[in-house]
Every structure is written in C-alpha cells, then in structure tokens.
**Student:** 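Please find one structure pasted underneath; my questions will follow.
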Amino acid sequence: MKTTKGRPRQQDIAAIERKILEEAMAEFREHGFGGASLNRVVSAAGISKTTLYSRYSSKAELFIAIVQQQITDMAPDSVLPKTPDLETGLKAFANHILQKSLSDEMKDINRLMLSESVRFPELAAAAADRTARGIKRIAAYIETCADTDGVACGNATRVAEVFILMIRGWYMNVLLTNQKVSAIARKRWVDDAVQILLNARQNW
C-alpha cells in the first residue's frame, strides 16, 4: 500500500529555518554582503534551492531575516523588571543589549551593515528598523514607569531615542576602535549614562 508523506512537523520546519540562518550568518561573516553566495548557503545547509527561495527570494531578504532574528534574541522583555522601576529597567536593558552586541558574531554583522549600507540600502533599512523597534519598546516602558511613579513625561519617544542613541554611540565607538571592553567597564558606563539621563527627568 502506497503511503503519502504528511506535512512537515513544526519542529522540523523550525530546525530548517535555524539551519538556514546559521549557515547564512557564517556566509555573510566570511564573504560580506556583496560576496555572499546563496548557492553556498544551500550547499552548507543541506537543502534544495526551492526550500531556500520559498522562504527568502533574495540575499537582502535572507540578511534581513538574520537581523530580525538578532532583534528577537535581544528582546528586552525578559530583563525588564515586572514591577516598573525606571533606573533598574534602563540599566538592565542597556547591559542586555550591549552584552549581546559585543559578541564576535554581532560585531561582524554590525560592521557589515555599517560598511555596506551605502551600496545596499536594504541593510540601512534593516538597521533603521532595529533602532525604531528599540525606541518604541523603551518609550512604552518609560510611559509605564511615569504612570507608576506619578511623574509626568511629555515626550517618552524622544527620551527613548536619546537613550537608545547613547547606547548606540558608545557601542559604535567600541566597534570602530576595536576595543576590548570588560563587563565591569560596560556596567560602569551604563550606570553613568543612565544616571545622567535620570538627572534630567523633571524636564522630560
């Protein structure tokens, strides 16, 4: 009796996705965006071209998927206090993001986005989207803390933007100067940056 294959199990589909993104990450890190080959990704992942192209129709889509995965992995919800606490929350968020971003893998991806964003606008768009998501998430947390503390906040989005760009500016300096930063030095900088921001809270 002839049997037919059923639909792939959800865990199998997830495993394929992880494998594709894992091999694509290695390909982009080694060859850059312009030099990356989807054929090599297919070969390394042990899948068919049809499997890859049914998910990602271009190199840009595949790279953006990697960026989106990194955004998900760095989601701050798990580190923000359940009971709103602005100082603790901002420090936890900044340390979480910077710790993840200072990994060799993430530094390579960020260098790639920085160096090739002019030639490939899709990369610049992915970076802008990542920043916008961080600002939106922190603005919502600032508003929650303002309600909890009974402290007015006229423009939570602008405060969140300043906070995110403070973090981004410090990180970019580390990235461009190829510094080795200890966890202690990172935490000390975060403490100082958050304190400076909180000192102006009455003007938010």
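Treat the numbers as computed from the prediction; the structure is a model and nothing was measured. Note that the numbering runs from 1 along the sequence shown for the chain.
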**Student:** Please tell me if the side chains of Asn173 and Gln179 come closer than 4.5 Å, counting only heavy atoms from C-beta onward.
**Tutor:**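 Contact flag for Asn173/Gln179 side chains = yes.
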**Student:** Just how far is it from atom CZ of Arg29 to atom NZ of Lys107, taken to the nearest 0.5 Å?
**Tutor:**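 These two atoms lie 10.0 Å from each other.
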**Student:** Determine the minimum heavy-atom distance between Pro84 and Thr144, stating which atoms define it.
**Tutor:**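 Answer, listing the atom of Pro84 first, then Thr144: CG-CG2, 3.6 Å.
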**Student:** How far does CD1 of Ile167 sit from CG of Leu90, to the nearest 0.5 angstrom?
**Tutor:**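 Between atom CD1 of Ile167 and atom CG of Leu90 there are 8.0 Å.
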**Student:** Tell me, do Leu62 and Leu21 make a side-chain contact under 4.5 Å, heavy atoms counted?
**Tutor:**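 Result yes, sub-4.5 Å side-chain heavy-atom pair found.
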**Student:** Do you know the tightest heavy-atom contact between Leu38 and Ser58?
**Tutor:**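 Looking at all heavy atoms of both residues, the shortest contact is CD1-C, 4.2 Å.
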**Student:** Closest heavy-atom contact between Phe33 and Lys59?
**Tutor:**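 Minimum heavy-atom contact is O-NZ, 3.0 Å.
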**Student:** Determine whether Leu198 and Glu87 satisfy the following criterion, side chain to side chain contact (heavy atoms under 4.5 Å, CB included), listing intermediate values before the conclusion.
**Tutor:** CA-CA 8 Å; Leu198 291 177; Glu87 180 176 353; 3.6 Å; yes
**Student:** For the backbone of Ser48 and the side chain of Tyr53, can you confirm whether one donor and one acceptor N or O come within less than 3.5 Å of each other?
**Tutor:**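 No: the side chain of Tyr53 does not pair with the backbone of Ser48.
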**Student:** Return the CZ to CD1 distance between Phe63 and Ile109, rounded to the nearest 0.5 Å.
**Tutor:**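 One gets 4.5 Å once the value is rounded to the nearest 0.5 Å.
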**Student:** State the NE2-CZ distance between His31 and Arg40, to the nearest 0.5 angstrom.
**Tutor:**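 Atom-to-atom, His31:NE2 and Arg40:CZ are 4.0 Å apart.
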**Student:** Apply the test side chain to side chain contact (heavy atoms under 4.5 Å, CB included) to residues Arg186 and Val174: give CA-CA distance (whole Å), side-chain angles for both, the deciding distance (0.1 Å), then the verdict.
**Tutor:** CA-CA 10 Å; Arg186 165 177 50 83; Val174 170; over 6 Å; no
**Student:** If you apply the rule side chain to side chain contact (heavy atoms under 4.5 Å, CB included), what do you find for His96 with Leu80, and how did you get there?
**Tutor:** CA-CA 10 Å; His96 175 70; Leu80 292 175; over 6 Å; no
**Student:** Under the criterion side chain to side chain contact (heavy atoms under 4.5 Å, CB included), I'd like the reasoning laid out for Glu143 against Cys153: C-alpha separation, chi angles, the key distance, then a yes or no.
**Tutor:** CA-CA 7 Å; Glu143 288 177 342; Cys153 182; 5.8 Å; no
**Student:** Sequence neighbours excluded, which residues qualify as side chain to side chain donor-acceptor pair (under 3.5 Å) partners of Gln202?
**Tutor:**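 For Gln202, no residue satisfies side chain to side chain donor-acceptor pair (under 3.5 Å) once neighbours in sequence are set aside.
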**Student:** Hey, does Val159 have a side-chain heavy atom less than 4.5 Å from the side chain of Ile138?
**Tutor:**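 When only atoms from C-beta onward are counted, Val159 and Ile138 do not touch, as no gap falls below 4.5 Å.
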**Student:** Return yes when atom CG of Leu176 has more than 12 non-hydrogen atoms of other residues, nucleotides or ligands closer than 6.0 Å, and no otherwise.
**Tutor:**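 It does: Leu176 CG has more than 12 such atoms within range.
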**Student:** Under 4.5 Å between side-chain heavy atoms, hopping through other hydrophobics if needed: is there a path connecting Ile66 to Ile64?
**Tutor:**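 Different clusters.
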**Student:** Can you check whether Met113 reaches Val67 side chain to side chain, under 4.5 Å on heavy atoms?
**Tutor:**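 Of all side-chain heavy-atom pairs linking Val67 with Met113, at least one is under 4.5 Å.
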**Student:** Going from CG on Leu52 to CD1 on Ile20, what distance comes out if it is rounded to the nearest 0.5 angstrom?
**Tutor:**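 That separation rounds to 5.5 Å.
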**Student:** Could you tabulate the donor-acceptor pairs under 3.5 Å formed by side-chain atoms of residues 188-196, not counting sequence neighbours?
**Tutor:**
| unit_1 | atom_1 | unit_2 | atom_2 | d |
| --- | --- | --- | --- | --- |
| Gln195 | NE2 | Asn199 | OD1 | 3.0 |

**Student:** Find out whether Arg130 and Asn110 are in side-chain contact, i.e. whether some heavy atom of one side chain is under 4.5 Å from a heavy atom of the other.
**Tutor:**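 A side-chain contact under 4.5 Å exists here.
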**Student:** Heavy-atom distance under 4.5 Å between the side chains of Tyr171 and Val181, does that happen here?
**Tutor:**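 No, side chains not in contact.
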**Student:** On a heavy-atom basis, which atom in Arg201 and which in Cys145 lie closest, and how many Å separate them?
**Tutor:**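 Heavy atoms of Arg201 and Cys145 come nearest at NH2-O, 3.8 Å.
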**Student:** Looking only at non-hydrogen atoms, find the nearest pair between Glu23 and Ala44 and report the distance.
**Tutor:**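 Looks like OE1-CB, 3.4 Å.
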**Student:** How long is the gap from CZ on Arg55 to OG1 on Thr50, to the nearest 0.5 Å?
**Tutor:**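 The distance works out to 11.0 Å.
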**Student:** Which pairs, with at least one residue in residues 159-182 and sequence neighbours excluded, count as a salt bridge (Lys or Arg N to Asp or Glu O under 4.0 Å)?
**Tutor:**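 For residues 159-182, and leaving out neighbouring residues, the salt bridge (Lys or Arg N to Asp or Glu O under 4.0 Å) pairs sorted by first residue read Arg158-Glu161.
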**Student:** How about NZ on Lys91, more than 12 heavy atoms from neighbouring residues, nucleotides or ligands closer than 6.0 Å, or not?
**Tutor:**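 Correct, the count exceeds 12.
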**Student:** Do you see a donor-acceptor pair shorter than 3.5 Å between the side chains of Ser103 and Glu105?
**Tutor:**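 No donor-acceptor contact under 3.5 Å links the two side chains.
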**Student:** Of all heavy-atom pairs between Gly89 and Pro81, which one has the smallest distance, and what is that distance?
**Tutor:**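 Taking every non-hydrogen atom into account, CA-CD, 3.6 Å.
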**Student:** Within the 4.5 Å heavy-atom criterion, are Ile97 and Ile164 side-chain neighbours or not?
**Tutor:**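 They are not in side-chain contact.
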**Student:** May I ask you to test the Phe163-Ile142 pair for a side-chain heavy-atom distance under 4.5 Å?
**Tutor:**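 Contact flag for Phe163/Ile142 side chains = no.
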**Student:** Let me check something: do Leu165 and Trp204 share a hydrophobic cluster, defined by ILVMFWY side-chain heavy atoms less than 4.5 Å apart, either directly or through other members?
**Tutor:**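 Different clusters.
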